[in-house]
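Here's the structure, in structure tokens; my notes come after.
None of the values given here were measured: they were computed from a predicted structure. Per chain, numbering begins at 1; letters A, B, ... match sequence-line order.
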Amino acid sequence: MTLTIATWNINSVRLREPTVLRFLAEHGPDVLCLQETKSPDAVFPHDGFEGAGYVHRVVRGEKGYNGVAILSRVPMLPVAHHDFCGRGDCRHIAAQVDGITVHNFYVPAGGDVPDREKNEKFGHKLDFLAEMRDWFGGGDAPAGPSILVGDLNIAPQEHDVWSHKQLLKVVSHTPIEVEALEAVRASRDWVDVARHFIPLEEKAYSWWSYRSKDWSAADKGRRLDHIWVTPDLRERLSGYDMHRDVRGWEKPSDHAPVVVTLGTT
DNA sequence: ATGGTTGGGGTCCAA
């Protein structure tokens, strides 16, 4: 069987529910991982997704900030989440689908100043990444075939941003963040699915700021949203799509959904 | 070097 898994920072699931439903209707991934749902669990908009056939759902939200959820139309079992940095933030949730553990992450954005001495949020981001590295590198994370998706808030490669030179000191593309993300990737030898399919010298973005009159023409994007798989799934990788057009829908999120397709073994 | 927009909750914070 094939399995399609999508990830999307939705920037308020309640405001964007119709947008998510449209995406599900048009593209129908088996599994959709959402970040920045900004919705407490008690008021998560379950009914619409239930009606669309996504009858399996795990959600972890809080009021106003953060929030992650996984919707699935195929059987899914919850997996214990981990509270990175011990703050009680809703930035990680996990579930098992078809024998594969799916980790859905919302990594802290890190504020504006890339210096942990001057900006606590940047320190939080680096600490969060270090804990991800240690958690996956140690014995506590679930073993076996795994997929890690989410808004990792870092664009690691030169062509993951519109201008490598101009963004070297901008949070999301600084060398210290890129190094920290690479350490997470190396912790389980994760495969970056986007770059498995797209040559390193080709620009690839999943996010465009709201603060631009014409985001598409300016095209000052960054690839902040990622899909990684453990090496045992590499042979099943059969497709990858970045749905840039969705960024142009009415009342859009500033992130576009990205999707991986796994083929039969 | 600056300002630009959006969302949530409530008159400001995070992205």
Side-chain angles (χ1 to χ4, degrees), chain A residues 7-23 33-45 48 59-69 84-85 87-92 104-116 118-129 149-156 160-163 165-174 176-178 180-181 205-226 243-258:
Chain A
T7 180
W8 195 6
N9 178 318
I10 198 60
N11 189 12
S12 175
V13 69
R14 282 178 285 174
L15 185 73
R16 222 76 70 189
E17 183 187 355
T19 313
V20 177
L21 289 173
R22 177 178 169 188
F23 177 72
C33 298
L34 298 172
Q35 303 88 34
E36 274 206 273
T37 55
K38 296 182 174 176
S39 175
D41 294 350
V43 290
F44 188 91
V59 304
R60 269 192 81 217
E62 60 191 284
K63 194 176 170 183
Y65 304 107
N66 307 327
V68 283
F84 292 85
C85 297
R87 298 182 176 215
D89 288 346
C90 296
R91 294 182 176 276
H92 172 249
N104 179 14
F105 277 96
Y106 176 50
V107 171
D112 289 331
V113 181
D115 179 346
R116 72 186 307 155
K118 296 173 184 156
N119 169 19
E120 182 275 331
K121 290 181 208 162
F122 194 71
H124 179 213
K125 184 177 197 174
L126 296 179
D127 292 345
F128 193 100
L129 292 160
V149 309
D151 177 3
L152 306 186
N153 266 315
I154 295 172
D160 292 338
V161 295
W162 63 276
S163 168
K165 225 176 159 179
Q166 292 183 72
L167 288 174
L168 271 172
K169 292 180 179 172
V170 174
V171 172
S172 73
H173 194 60
T174 64
I176 189 171
E177 291 168 86
V178 170
L181 187 68
Y205 313 139
S206 66
W207 173 89
W208 295 261
S209 172
Y210 284 127
R211 304 173 193 178
S212 167
K213 282 195 182 77
D214 191 343
W215 68 272
S216 190
D219 204 19
K220 294 184 173 179
R222 307 178 200 171
R223 188 169 69 93
L224 305 179
D225 301 275
H226 297 265
H243 291 283
R244 179 188 174 114
D245 61 303
V246 174
R247 177 63 178 79
W249 288 0
E250 200 180 338
K251 289 278 282 176
S253 164
D254 44 355
H255 295 253
V258 300

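Nearer to the 5' terminus of DNA chain B, by closest-nucleotide assignment, is the contact made by A:Lys213 (compared with the other of A:Thr37 and A:Lys213).
Among residues two or more places apart in sequence or in another chain, the side chain to side chain contact (heavy atoms under 4.5 Å, CB included) test is passed with A:Pro108 by A:Arg91, A:His124, A:Lys125, A:Phe128. The salt bridge (Lys or Arg N to Asp or Glu O under 4.0 Å) search around A:Arg244 returns A:Asp219, not counting sequence neighbours. Residues passing the side chain to side chain contact (heavy atoms under 4.5 Å, CB included) test with A:Asp115, sequence neighbours excluded: A:Val113, A:Glu117, A:Lys118. Listed by chain and residue number, A:Ser209 satisfy the side chain to side chain contact (heavy atoms under 4.5 Å, CB included) test with A:Arg211 (two or more places apart in sequence, or in another chain). In terms of the side chain to side chain contact (heavy atoms under 4.5 Å, CB included) criterion, residue partners of A:Lys165 (sequence neighbours excluded) are, by chain and number, A:Ser163.
For the OP1/OP2 pair of B:dG7 and a distance below 4.0 Å, the side-chain nitrogens and oxygens of A:Arg16 include at least one atom meeting the criterion.
Here A:Lys220 lies out of heavy-atom contact (under 4.0 Å) with every strand.
We find that CH2 of A:Trp208 is positioned 17 Å from P of B:dT6, with the value rounded to whole Å. Atom CH2 in A:Trp215 sits roughly 16 Å away from atom C1' in B:dT6 (whole-Å rounding).
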Q) What string of B, S and - do you get for nucleotides 9-15 of chain B, 5' to 3', when a contact is any protein heavy atom under 4.0 Å? A) S----SB
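A distance of about 22 Å separates the P atoms of B:dT2 and B:dA15, rounded to the whole Å. Taking the C1' atoms as reference points, B:dG7 lies 15 Å from B:dT11, given to the whole Å. Here the separation of B:dA14 from B:dG9, taken at their C1' atoms, is 12 Å to the nearest Å. B:dC13 sits 24 Å from B:dA1 when the C1' atoms are compared, rounded to a whole Å.
Using a 4.0 Å cut-off between charged nitrogen and carboxylate oxygen, A:Asp127 and A:Arg116 count as a salt-bridge pair.
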